[in-house]
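Note sheet for the following structure.
Just so it is clear: chains get the letters A, B, ... in the order the sequence lines come, proteins before strands, and each one is counted from 1. Below, all heavy atoms of this structure are taken into account, side chains as well, without hydrogens, waters or symmetry copies.
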There are 2 protein chains.
Amino acid sequence: MPNKKIDHALEDILKCGFRKSALREMILASIASSDRPISAADIIGMLAKKGNACNKTTVYRELETLKKTGKIKEVFLRNDRALYELVGSHHHHIVCISCGDIRHIDVHEPAEWPCAGSIRKQGFKIIDHSLEFFGVCGQCR
Amino acid sequence: MPNKKIDHALEDILKCGFRKSALREMILASIASSDRPISAADIIGMLAKKGNACNKTTVYRELETLKKTGKIKEVFLRNDRALYELVGSHHHHIVCISCGDIRHIDVHEPAEWPCAGSIRKQGFKIIDHSLEFFGVCGQCR
DNA sequence: CATCATAATGCAACTAAGTTGCATCTGTCA
DNA sequence: TGACAGATGCAACTTAGTTGCATTATGATG
């Protein structure tokens, strides 16, 4: 199944001086196919299941490249492992503190947070923000 | 310097079936004395500087106890290490993606987030939330 | 289309955060 | 004050992530 979004991202990566490779495409596709942020271990597992065993070093380095080129972002939802998701529509998450399940949610946010002015006054340049809700999901209650 | 807040927390911990100990008090005091979330390694370093060398296992176990008894909370601001702060006034953070510096900020939030209703409708019980701003601090610009 | 610089990949060894089992010590309470 | 259970330290372990090095493959250029 061809994916325009992924193809476009790969072209863009090419312009940054990186190359196209089957593995790069598969790793990007894994992240794109998931409806929640996934870890390096998740990616290795997904590729292995499709018969594409892949070294963990390669995955970690690839995640670094995709991050540098702005294709994916790292999200901080638990400390034991890094999670990654496609950069795209801005959204937030609900995290179950019991089973660890993570889902996307849409939040109507103010165009400008009330605190943004005072943060800027400290000389801090805001690049991104996160808003996450922690609790117990329906399954775990 | 005696600290009422810490003494009260220790009394409360006692009621939970745990005991008072010099180390427990020092670890709690370390966290309380910092104006930003700190890591297990930070705590070990702070205690060592005061001449109170302490095993890392003890620190990790203590952090677990303090978390269970609701005295501290773990915050998710970077994946490479867990950070802890005192439970108390609800607040948020600004995180410098260049130097890693983390500071508290006060945010005027809505009493109820617009999305809270739809999250609850999914059967998810919200216990806590986080709102963090990532960017570049004045020092790093 | 052949060449070549450089990016991509894998492997093994390593680092560092955090965990576990076990022996010993100590605070609390009857 | 004696005993039980929690607190502590130590060593060994687990696991996410990193690094150095050798090999392979991509794509720009002539």
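- Between C:dT9, D:dC4, D:dG17, one nucleotide has an atom nearer to the side chain of A:Lys56 than all others, and that is D:dG17.
- Backbone-only contact: B:Ser21 has heavy atoms under 4.0 Å from sugar-phosphate atoms and none from a base.
- Atom-to-atom, CD of B:Glu62 to C1' of C:dT19 comes out at 16 Å; the value is rounded to the nearest Å.
- Taking the six-membered ring for Trp and the full ring otherwise, the centers of A:His93 and B:His129 sit at least 6.0 Å from each other.
- Out of D:dG17, C:dG10, D:dG27, the shortest distance to the side chain of A:Ala82 is found at D:dG17.
- Put simply, the side chain of A:Thr57 and the base of C:dA12 share a donor and an acceptor less than 3.5 Å apart.
- The residue A:Tyr60 sits close to a base: some heavy atom pair falls under 4.0 Å.
- Here the C1' atom of nucleotide C:dA17 and the CG atom of B:Asn55 are 14 Å apart, to the nearest Å.
- Here the P atom of nucleotide D:dG27 and the CZ atom of A:Arg19 are 7 Å apart, to the nearest Å.
- Taking atom CG on A:Leu63 and atom C1' on C:dT9, their separation rounds to 15 Å, with Å as the unit.
- Regarding A:Leu83, its CG atom lies at a distance of 9 Å from the P atom of D:dG17, rounded to whole Å.
- Considering every non-hydrogen atom in both B:Pro114 and A:His108, the closest pair reads CG-O, 3.8 Å.
- At the phosphate of C:dA8, OP1 or OP2 sits under 4.0 Å from a side-chain N or O atom of A:Arg24.
- Ranked by how close their nearest DNA chain D nucleotide is to the 5' end, B:Asn79 and B:Ala53 are led by B:Ala53.
- Between the side chains of B:Gln139 and B:Asp101, no donor N or O sits under 3.5 Å from an acceptor N or O.
- In this entry the distance linking CD1 of A:Ile43 with P of C:dT9 reads 13 Å, nearest Å.
- The pair B:Arg103-B:Asp35 fails the salt-bridge criterion, with no side-chain N (NZ, NE, NH1 or NH2) lying under 4.0 Å from an Asp/Glu carboxylate O.
- A straight line from CG of A:Leu14 to P of C:dA7 spans 13 Å, rounded to a whole angstrom.
- As a whole-Å value, the separation of B:Leu10 CG from D:dG6 P is 17 Å.
- For A:Phe133 and B:Phe124, the gap between ring centers reaches or exceeds 6.0 Å.
- Residue B:Arg61 is classed as a base contact, given a heavy-atom separation below 4.0 Å to a base.
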